[in-house]
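Numbers restart at 1 for each chain; the letters A, B, ... are given by sequence-line order, proteins then strands. Predicted model only: the values in this text are computed from it and were never measured.
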Protein chains: 2
Amino acid sequence: MTDKNVISLDKIKVACRDCSLSTLCLPMGLRPEDVDRLDAIVKRNRPLQRGDHLFRAGESFRNLYVVKTGAVKTFTQNNDGDEQVVGFHLPGEVLGLDAIQDGHHGCSARALETTAICELPFDRLEDLSTNIPSLQHQMFRLLSKEIGQEAEMMALLGRSTAEERVASFLLSLSERFKRRGFSATDFFLSMSRQEIGSYLGLALETVSRLFTRFQDEQILKVERKHVQILDIDRLRAMINHNSNCEQHQARPSS
Amino acid sequence: MTDKNVISLDKIKVACRDCSLSTLCLPMGLRPEDVDRLDAIVKRNRPLQRGDHLFRAGESFRNLYVVKTGAVKTFTQNNDGDEQVVGFHLPGEVLGLDAIQDGHHGCSARALETTAICELPFDRLEDLSTNIPSLQHQMFRLLSKEIGQEAEMMALLGRSTAEERVASFLLSLSERFKRRGFSATDFFLSMSRQEIGSYLGLALETVSRLFTRFQDEQILKVERKHVQILDIDRLRAMINHNSNCEQHQARPSS
DNA sequence: ATGCTACTTTGACGTACATCAAATGGGTGG
DNA sequence: CCACCCATTTGATGTACGTCAAAGTAGCAT
């Protein structure tokens with residue numbers, strides 16, 4: 001455990017130019033010298049442990065955060081005290097974009113597992129963006145991508161059956177893992193059934209039942225957090241059938 | 001009818017500095033000289049008639065569009081051929097933000113009534129943003145606001161009852177009309193029950209039934225497209241009761 | 001090992017909303 | 001003024017999914 005942490009700590013301090021995520025992350029498309037200028041404002045703190053907060057709803061906004069390793073959920077709290085999951089964030093994905101607007105975080109963020117984060121002071125990022133047009137462009141694209149993905153999610157929640165939602169969710173994870181160099185068909189869920197259900201607008205029991213059904217139908221093999229996709233085409237068929245045709249895959253990754 | 005058009009055409013050509021929307025729109029917070037530089041890239045074409053397309057899904061992205069008067073819906077098409085409404089856009093609200101990402105519109109936009117539009121060539125807007133830091137900041141805020149609003153909508157669709165959805169929708173319109181100087185309690189819906197239902201993830205009959213019920217309960221007076229809110233506090237109570245407490249009102253306007 | 005706790009699965013049941021169907025009413029064009 | 005069309009309303013019925021409840025199971029601390 002302590003050994004593992006030491007290793008992680010070493011890996012975290014990798015500069016943007018040497019980071020394996022650079023093709024997914026903000027530096028994407030920047031010239032090497034601009035990547036270094038970006039790198040100069042990035043802060044890399046010690047990793048979060050499962051359950052640690054990255055920020056809380058209502059806190060004032062100072063930084064954007066990029067997941068380097070691990071996974072983070074964002075969520076809001078309703079008055080019953082239980083939480084509504086707004087999103088899951090994998091390596092290379094940016095958090096805090098909704099807070100630029102009024103300088104306050106609208107949701108909380110919490111690590112689902114041991115997680116390394118790159119921290120970008122937003123005022124410095126803005127300064128840099130005025131000086132590096134391609135960085136400004138990249139920022140616009142990043143924000144726009146988030147808007148497009150959320151619109152897809154709205155369509156999913158507004159129209160789809162439980163089956164389609166769960167299928168979309170699994171395909172989204174699959175795509176995102178794949179782009180990050182992991183297996184597209186064999187991965188571990190870092191979130192609970194409860195959290196998946198909250199995100200998809202379903203009861204946790206419904207999520208569980210669908211996992212079971214997909215397994216019975218030889219589409220998946222599920223054992224607690226461990227998921228193997230056996231027949232990805234049938235998963236894809238589920239969402240192309242009843243749902244929007246615009247989006248070829250569920251949430252095309254980030 | 002022709003008379004009306006002539007009058008509209010005059011009003012449309014108003015420059016940003018003289019536009020009543022300038023406090024809601026992109027120029028918000030810019031210095032007067034910068035507003036003029038922004039104004040210089042704005043194109044103002046003849047108004048759209050009800051049913052006209054502003055852009056279609058798949059078209060390549062050239063411009064952002066701001067609604068000046070009227071109303072626009074954005075929507076995607078599913079393979080059954082029927083449409084999923086993604087959003088309704090009132091004066092001062094910007095369309096096309098999701099297309100920055102990959103240079104193609106992900107949804108179509110169509111006028112719900114006679115509508116005047118300001119057109120902003122995005123490449124020129126980007127250039128201007130690098131030269132006017134406050135414009136860049138304004139752009140970031142705009143994109144971020146859209147992200148926050150969509151997240152709220154996701155929460156609404158993921159968790160709420162039909163009652164809450166319709167209440168939220170009405171409160172959202174109310175707030176947005178109010179900020180634009182119109183009555184917050186007496187307005188006309190430019191969209192059909194079908195379109196409202198599609199947007200809220202409900203059947204049109206459910207929307208109709210809830211309008212009727214709210215009217216029976218003395219919360220609304222509805223006569224076809226004409227809505228009067230009689231008891232806005234009870235509408236608010238509906239969404240504070242079962243739904244998220246984070247958001248004070250449904251979709252705080254744009 | 002042993003027990004505790006949290007998560008997951010599975011079953012039984014109820015309900016909010018979709019769907020189907022028909023009646024009503026406004027608006028538009030002849 | 002009439003006829004047609006489409007939006008809306010209203011009613012009847014079905015069902016997908018939520019809720020409640022209980023049993024099974026892994027992980028963890030002692």
Check the distance between D:dG18's P and A:L157's CG and give it to me in whole angstrom. 12 Å
Give a yes or no on whether the ring-centroid distance for B:F55 and B:H105 is below 6.0 angstrom. yes
Could you check how far CG of B:L204 sits from P of C:dC20, rounded to whole Å? 12 Å
Integer-rounded Å distance: C:dT8 P and A:L202 CG: 15 Å
State whether the distance check finds a donor on one side and an acceptor on the other, under 3.5 Å, for side chain A:R224 versus base D:dG27. no
Could you tell me whether the phosphate oxygens of C:dA16, OP1 or OP2, come under 4.0 Å of any side-chain nitrogen or oxygen in B:T161? no
To the nearest Å, how far apart are B:R193 CZ and C:dT24 C1'? 14 Å
In whole angstroms, the gap separating C1' of D:dT8 from CD of B:E195 amounts to 14 Å
Given D:dA16, is OP1 or OP2 found less than 4.0 Å from the side-chain N or O atoms of A:T206? no
Between A:A203 and A:E223, which has a closest nucleotide on DNA chain D that is more 5'? A:A203
Roughly, in whole Å, what's the span from CZ in B:R159 to C1' in D:dC17? 17 Å
Could you tell me whether the phosphate oxygens of D:dT8, OP1 or OP2, come under 4.0 Å of any side-chain nitrogen or oxygen in B:K225? yes
Looking only at the side chain of B:S208 (C-beta and beyond, no hydrogens), which of the listed nucleotides C:dT9, C:dA18, D:dT8 gets closest? D:dT8
Give the nucleotide from the list C:dC7, D:dC17, D:dT8 with an atom nearest to the side chain of A:S192. C:dC7
When rounded to whole Å, the CZ to P distance for the pair B:R213 and D:dT10 reads 14 Å
Just call it for B:G201: base, sugar-phosphate, or nothing, with non-hydrogen atoms closer than 4.0 Å on any strand. sugar-phosphate
Could a donor-acceptor pair under 3.5 angstrom be found where the side chain of A:R209 meets the base of D:dT19? yes
Hey, are the side chains of B:F211 and B:I219 touching, using non-hydrogen atoms and a 4.5 Å cut-off? no
Determine, using ring centers only, whether A:F187 and A:F182 are less than 6.0 Å apart. no
Any side-chain heavy atom of A:F75 within less than 4.5 Å of one from A:S108? yes
Is a donor-acceptor pair below 3.5 Å formed from side chain A:E205 to base D:dC20, judging by atom type as modelled? yes
For A:L90 and A:R176, the nearest pair of non-hydrogen atoms, with its separation, is CD1-CB, 3.8 Å
For B:F211 and D:dT8, what is the distance between atoms CZ and P respectively, to the nearest whole Å? 9 Å
